[in-house]
Student: 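First, the structure itself, so that you have it in front of you.
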There are 4 protein chains.
Amino acid sequence: MAGSVNKVVLVGNLGKDPDVRTSQSGAKIVSFSLATSDTWNDRASGEKRERTEWHRVVIFNERLADVAERFLRKGRKVYLEGSLQTRKWTDQGGQERYTTEVVIAAYRGELVLLDNKDAGDAPRQQQSRGQNNQQSGGWDSPQGNPDLDDDIPF
Amino acid sequence: MAGSVNKVVLVGNLGKDPDVRTSQSGAKIVSFSLATSDTWNDRASGEKRERTEWHRVVIFNERLADVAERFLRKGRKVYLEGSLQTRKWTDQGGQERYTTEVVIAAYRGELVLLDNKDAGDAPRQQQSRGQNNQQSGGWDSPQGNPDLDDDIPF
Amino acid sequence: MAGSVNKVVLVGNLGKDPDVRTSQSGAKIVSFSLATSDTWNDRASGEKRERTEWHRVVIFNERLADVAERFLRKGRKVYLEGSLQTRKWTDQGGQERYTTEVVIAAYRGELVLLDNKDAGDAPRQQQSRGQNNQQSGGWDSPQGNPDLDDDIPF
Amino acid sequence: MAGSVNKVVLVGNLGKDPDVRTSQSGAKIVSFSLATSDTWNDRASGEKRERTEWHRVVIFNERLADVAERFLRKGRKVYLEGSLQTRKWTDQGGQERYTTEVVIAAYRGELVLLDNKDAGDAPRQQQSRGQNNQQSGGWDSPQGNPDLDDDIPF
DNA sequence: TTTT
DNA sequence: TTTT
């Protein structure tokens, strides 16, 4: 089908440092969880309510994956453009599951660092993956970091 | 957290007529599936590939829910703006599941009909609410609410 | 300054056939005027009012310039993404003027045909460049380039 | 014309403190210049080039005009959504001129502060209009502030 | 389930 | 100049 648009624009904060992996074809893939927060007035109670939304972001765009790996860290604020993609997978019980991700495809999308006062000053220290990577502290994820939990969609 | 943006822009075609239901508070809620299609060149084979993506759209905005009910139908093309929301639910096996939807919240978002040559000519026939609304046949969701089904992402 | 975003999203109709010209470096540049319409309720009178807005669109992206040249015509509806750019020029009286355009730069932006029922059926007849291209008549810009005219914003 | 979209998304920095005025009907109108910066590689020379773009932003949305008046200052970074509007005016020589603005209309648009570490800490001191208002210093406008110049589109 |  |  021609004639369609699938675009997501997010401004939010990373829940933790990005995860970097390499595809079978050797391409770098960077992913992370991004928190946004919606605020609204509850119709019934009239109270101000807030809801944190976690988005799974996956970057295939080579240039932007590089930028993400070098400059994004837990707590950083970022503007990004990607598209929605729902992926099917099978859980440990053999059940089919679906996860919706915001994908920045090759040669597409956008990634803009928004609090880059010291972006160049503190590049990621090389670390062995698998270690906890919490040196950037400082920012508390609104309601725990879903990446560390079980039973979550990503 | 202040300072965030959660925005989705879609242009696509409805997979079937919208589903209209009423919330406990009496508000009309309109939902439908929207297809978009991504086309890209496969890195390996060099071939043109296409992937259809299905989005679950839910409209709480009263004015836009009215427009959707009156003018959207299976196959129609629409531009919309909403935000991403992931909802937790429990399937029939007692398993927790997650569904990501594009939500057009009250007083927010956008909905623009794009092939409205005859939009005013063939409005949906008025029906008593509560009746099943299956005149366009096709895919038969048991309670008229696909969210209750197993084995589908939405 | 890093950390900025300059994005325009338009859905509208072309006022006339696109103008195609070639840059000094040989690149094809396609431009056209696009109409959008805003509707709102006048605060004072309570009446529904409508205002048509004309946007000057200029495409440098090679792939999209090709698509535009081949498929866009007067009256066609299109979705596009570009960025805002204000250009300074000097009118015939020697006065400095400014024109704001929606630019789709090389390797950037988006162009999606929205009423392409017959897009493939009636491609623009190939013409030798340099000839006037006025088969769709209407508004006759002297050099085929409205940017050179007085008394119009673009 | 139904079926159109006219949307601008900007992330940029204010060139100076916003200007606040009151319409004849008593509504508050807030306006300011916002700088964005485009970076690209020059085709010919292969060099990295940068161009600062100044956007004239006008806010009619009451709630967002309040937010802008209270929290926006010279140098602050902001995300906003508005629409393009070209306004005709007559210069001192009696010539017709056109200015394109990014308008946030009543009940529409978006305004999100992006560096609000201390947004609540340093609200604008009430000042007599007409005074220079440069207490927020610190950020140099990329190439001088066009609002202070003659011969510019806004 | 859409559309081209 | 478009479109509804």
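Note: hydrogens, waters and symmetry copies are ignored here, and every other heavy atom, side chains too, is used.
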Student: Grab the CG-P distance between N13(B) and dT2(E) for me, whole Å please.
Tutor: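 After rounding, the reported distance stands at 10 Å.
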Student: Should the pair K7(B)-E81(D) be classified as a salt bridge under the 4.0 Å nitrogen-to-oxygen rule?
Tutor: yes
Student: Which residues pass the side chain to side chain donor-acceptor pair (under 3.5 Å) test with R51(B), sequence neighbours left out?
Tutor: E53(B)
Student: Taking 5.5 Å and 30° as the limits, would you call W54(B) and the base of dT1(E) a stacked pair?
Tutor: yes
Student: Starting at atom NZ of K74(B), determine the distance to atom P of dT2(E), rounded to an integer number of angstrom.
Tutor: 5 Å
Student: On a plain distance test, is the side chain of T52(C) in donor-acceptor contact with the base of dT3(F) below 3.5 Å?
Tutor: no
Student: By nearest atom, which of the nucleotides dT4(F), dT2(F), dT1(F) is closest to the S33(C) side chain?
Tutor: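 Among dT4(F), dT2(F), dT1(F), the one nearest the side chain of S33(C) is dT1(F).
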Student: In whole Å, I'd like the distance from the CZ atom of F32(C) to the C1' atom of dT1(F).
Tutor: 13 Å
Student: Residues two or more places apart in sequence or in another chain: which of them pass salt bridge (Lys or Arg N to Asp or Glu O under 4.0 Å) with E62(B)?
Tutor: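 None.
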Student: Rounded to the Å, how far apart are K48(B) NZ and dT4(E) P?
Tutor: 17 Å
Student: Using a strict 4.0 Å threshold on nitrogen-to-oxygen distance, state whether E110(C) and R108(A) make a salt bridge.
Tutor: yes
Student: Quick one: K77(B) NZ to dT1(E) P, roughly how many Å, whole number?
Tutor: 21 Å
Student: Measure the distance from CG on L113(B) to C1' on dT4(F) and round it to the nearest whole Å.
Tutor: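 So the two atoms are 12 Å apart, to the nearest Å.
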Student: Rounded to the nearest Å, what distance is computed from the CZ atom of residue R76(C) to the P atom of nucleotide dT1(F)?
Tutor: 21 Å
Student: Could you state the OH-P distance from Y79(C) to dT2(F), rounded to the nearest angstrom?
Tutor: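 Taking atom P of dT2(F) as the reference, OH of Y79(C) is at 25 Å.
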